**Q** 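Here it is: the structure, laid out below.
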Amino acid sequence: MTQIWLQMPACLGKPIRITLGQLKVSVKKMEITNVSEYEAIAKEKLPKMVYDYYASGAEDQWTLKENRNAFSRILFRPRILIDVSKIDMTTTVLGFKISMPIMIAPSAMQKMAHPEGENATARAASAAGTIMILSSWATSSVEEVASTGPGIRFFQLYVHKDRNVVAQLVRRAERAGFKAIALTVDTPRLGRREADIKNRFTLPPFLTLKNFEGLDLGKMDKTDDSGLASYVAGQVDRSLSWKDVKWLQTITSLPILVKGVLTAEDTRLAVQAGAAGIIVSNHGARQLDYVPATIMALEEVVKAAQGRVPVFLDGGVRRGTDVFKALALGASGIFIGRPVVFSLAAEGEAGVRKVLQMLRDEFELTMALTGCRSLKEITRNHIVTDWDHPRVVPRL
């Protein structure tokens, strides 16, 4: 039995000895005041293999850090004495009206974080009046997520070597009421995620990749490497090219968002290939290390798109100020990933709801303090970046 000695004041005599069993400590539950605080709670609650899978990036993890740090190099130019008593954050995405330009990115295998997994995330997104993208590698099927109730949902797609598998997935997503396909284009091979290699990452045996269950592709073998890397090597088509984006349009009438674009060149090709929108993403810094932070790549993509399709940002958003900065650089909206799985691990559906509410509240406050009453009033003149030329003061 562990014992503790307590030194008493001299007037009370000798030190006293108590056991830990006798010592009752009242610990007040930490009040969460911002999105980032959920990560420490998730780290404490989750098995190391699971936490590392969600949290880590590729190789040196330079881009992982840069996804966050780059936001801090963008500063505000607030306008004052504007009536901000009413603020409207609503917007439309592919014709669907949502409450705010903050949406949920596809994150795989969410039942590793919480027993209700993607179903809880779907309910939280619906309650917040926003969009959720369901991962191909979800631990809940498209049908299960659809059964949680109404909501605007998109389906994230990896193109498998077997095109029949792809066609089946797309048809099931359509039947389940999903409204768009988010085609991931930056993963011909899985990035080198060293934490997953060290941990011999694999999907826990009590879970399956539900969308592939009936196709005998739902399980992930344990290997001497990352089980996910082996799964991707065996299933995902490395020959994927722009012609496959066109092929996808022949098997579905759903709009296709191309997720994983970082350059002007690929933006122009995506528009030419018929993409309905572009998601600027570096896959949460989990694919190629030393690519720019998504917020740094955003403006190049926006300029190349020339307003022909909407451009969205995925990666590094942890504050309402980050949302504003992305919109000021031309994004039509942003997606969050890790904050969702960390809050899901900490508090289930209630945690995800709280993350969405905190970001909404912070974004609304940022709009008020910069003098913006609607999203269309957020302009490039509201920020200054370290790549700007010497600023010419705009004329009123």
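The shown structure was predicted, so the numbers you read here are calculated from the model rather than taken from an experiment.
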**Q** Salt bridge (charged side-chain N to carboxylate O under 4.0 Å, His left out) for Arg68 and Asp322? Distances and angles first, verdict last.
**A** CA-CA 9 Å; Arg68 282 295 309 127; Asp322 300 336; 3.0 Å; yes

**Q** Checking side chain to side chain donor-acceptor pair (under 3.5 Å) against Tyr38, which of Glu347, Lys43, Arg338 comes through?
**A** Glu347

**Q** Kindly compute the distance separating CD1 (Ile279) from CG (Asp186), expressed to the nearest 0.5 Å.
**A** 10.5 Å

**Q** Is a side-chain donor or acceptor of His283 paired with a backbone partner of Ala285 at a separation under 3.5 angstrom?
**A** no

**Q** Looking at CZ of Arg319 and NZ of Lys325, how far apart are the two atoms once the value is rounded to the nearest 0.5 Å?
**A** 10.5 Å

**Q** Mind checking whether Val145 and Ile98 sit in one hydrophobic cluster, side chains of I, L, V, M, F, W, Y counted as touching below 4.5 Å?
**A** no

**Q** Return yes if some donor-acceptor pair links the side-chain N/O of Glu44 with the main-chain N/O of Ala40 below 3.5 Å, else return no.
**A** no

**Q** Backbone N or O of Val280 within a donor-acceptor pair of the Lys259 side chain at under 3.5 Å?
**A** no

**Q** Could you give the distance from NE2 (His160) to CG (Leu169), rounded to the nearest 0.5 Å?
**A** 6.5 Å

**Q** Do the charged groups of Glu349 and Arg123 touch, with an N to O distance under 4.0 Å?
**A** yes

**Q** How long is the straight-line distance from CD of Glu116 back to OG of Ser140, given to the nearest 0.5 Å?
**A** 9.5 Å

**Q** Around atom NZ of Lys376, are there more than 12 heavy atoms of other residues, nucleotides or ligands at under 6.0 Å?
**A** no

**Q** Would you say Lys161 and Val236 make side-chain contact, with heavy atoms under 4.5 Å?
**A** no

**Q** Arg193 and Gln287: side-chain donor and acceptor closer than 3.5 Å?
**A** yes

**Q** What closest approach, in Å, do Gln249 and Gly274 show between heavy atoms, and which atom pair accounts for it?
**A** OE1-O, 3.7 Å

**Q** Any idea how Tyr290 and Trp62 line up, ring-wise: parallel (<30°), tilted (30 to 60°), or perpendicular (>60°)?
**A** parallel

**Q** Could you tell me the separation between the CZ atom of Arg77 and the OG1 atom of Thr379, rounded to the nearest 0.5 Å?
**A** 8.5 Å

**Q** I need the minimum non-hydrogen distance between Leu262 and Val301, along with the two atoms involved.
**A** C-CG2, 3.9 Å

**Q** Using only heavy-atom distances, determine whether the side chains of Gln168 and Asn164 contain a donor-acceptor pair under 3.5 Å.
**A** no

**Q** Within 45 degrees of the axis of the six-membered ring of Phe342 and under 6.0 Å from its centre: does Lys45 put its NZ or CZ there?
**A** no

**Q** Looking only at side-chain N and O atoms, does Asn67 offer a donor or acceptor that is under 3.5 Å from a partner on Asn282?
**A** yes

**Q** Testing the 3.5 Å rule here: is there a donor-acceptor pair between the side chains of Glu194 and Ser56?
**A** no

**Q** How far apart are the closest heavy atoms of Gly284 and Leu64, and which atoms are they?
**A** O-CD1, 3.8 Å

**Q** Do Phe178 and Val142 have side chains that get closer than 4.5 Å, going by heavy atoms?
**A** yes

**Q** If you compare all heavy atoms of Met89 against all heavy atoms of Leu375, which two are closest, and at what distance to 0.1 Å?
**A** O-CD1, 3.7 Å

**Q** In terms of side-chain geometry, is the basic nitrogen of Arg73 or Glu66 positioned less than 4.0 Å from the acidic oxygen of its partner?
**A** yes

**Q** What I'd like to find out is whether the side chain of Val245 reaches to under 4.5 Å of the side chain of Leu240, using heavy atoms alone.
**A** no

**Q** Are the side chain of Thr91 and the backbone of Pro101 linked by a donor-acceptor contact shorter than 3.5 Å?
**A** no

**Q** Could you tell me whether a side-chain N or O of Thr370 sits under 3.5 Å from a main-chain N or O of Met367, the two making a donor and an acceptor?
**A** yes

**Q** Identify the residue among Glu144, Glu143, Glu213 that makes a salt bridge (Lys or Arg N to Asp or Glu O under 4.0 Å) with Arg172.
**A** Glu143

**Q** As a quick check of understanding, evaluate side-chain hydrogen bond (donor to acceptor under 3.5 Å, both in side chains) for Thr139 and Glu118, giving each step before the final call.
**A** CA-CA 7 Å; Thr139 39; Glu118 295 85 359; 3.0 Å; yes

**Q** Could you tell me whether the side chain of Gln357 and the main chain of Arg353 form a donor-acceptor pair under 3.5 Å?
**A** no

**Q** What do the steps show when you test Phe71 against Thr294 for side-chain contact (heavy atoms from CB on, under 4.5 Å), and what is the final call?
**A** CA-CA 10 Å; Phe71 278 104; Thr294 49; 5.6 Å; no

**Q** How about Leu329 and Ile295: do any of their side-chain heavy atoms sit closer than 4.5 Å?
**A** yes

**Q** Does any part of the side chain of Trp387, heavy atoms only, come nearer than 4.5 Å to the side chain of Ile74, both counted from C-beta?
**A** yes

**Q** Between Glu300 (side chain) and Ala264 (backbone), is there a donor-acceptor pair under 3.5 Å?
**A** yes

**Q** Who pairs with Ser239 by side-chain hydrogen bond (donor to acceptor under 3.5 Å, both in side chains), at least two apart in sequence or on another chain?
**A** Asp237

**Q** Does a side-chain heavy-atom distance below 4.5 Å link Ile336 with Leu356?
**A** yes

**Q** Are the side chain of Glu377 and the backbone of Cys372 linked by a donor-acceptor contact shorter than 3.5 Å?
**A** no

**Q** If the plane angle is over 60° it's perpendicular, under 30° parallel, otherwise tilted; pick one for Tyr158 and Trp137.
**A** parallel

**Q** Is a donor from one side chain sitting under 3.5 angstrom from an acceptor on the other, for Thr121 and Gln110?
**A** yes

**Q** Between the side chain of Asp289 and the main-chain N/O of Thr63, is any donor-acceptor distance below 3.5 Å?
**A** yes

**Q** For Glu265, check salt bridge (Lys or Arg N to Asp or Glu O under 4.0 Å) against everything at least two apart and list the hits.
**A** none

**Q** Give the minimum heavy-atom separation between Ser136 and Phe212, together with the two atoms involved.
**A** O-CE1, 3.4 Å

**Q** Can you confirm whether the side chains of Gln156 and Thr184 place a donor and an acceptor under 3.5 Å from each other?
**A** yes

**Q** I'd like a table of donor-acceptor pairs (distance under 3.5 Å, sequence neighbours excluded) in which one partner is a side-chain atom from residues 302-318, with atom names and distances.
**A**
unit_1	atom_1	unit_2	atom_2	d
Arg308	NE	Ala305	O	3.1
Arg308	NH2	Ala304	O	2.9
Asp314	OD2	Ser281	OG	2.9

**Q** Do Thr385 and Asp388 have a side chain donor and acceptor closer than 3.5 Å?
**A** yes

**Q** Within the side chain of Lys179, is there an N or O that forms a donor-acceptor pair under 3.5 Å with the backbone of Pro255?
**A** no

**Q** Drop me the distance from Glu364's CD to Asp88's CG, to the nearest 0.5 angstrom.
**A** 10.0 Å

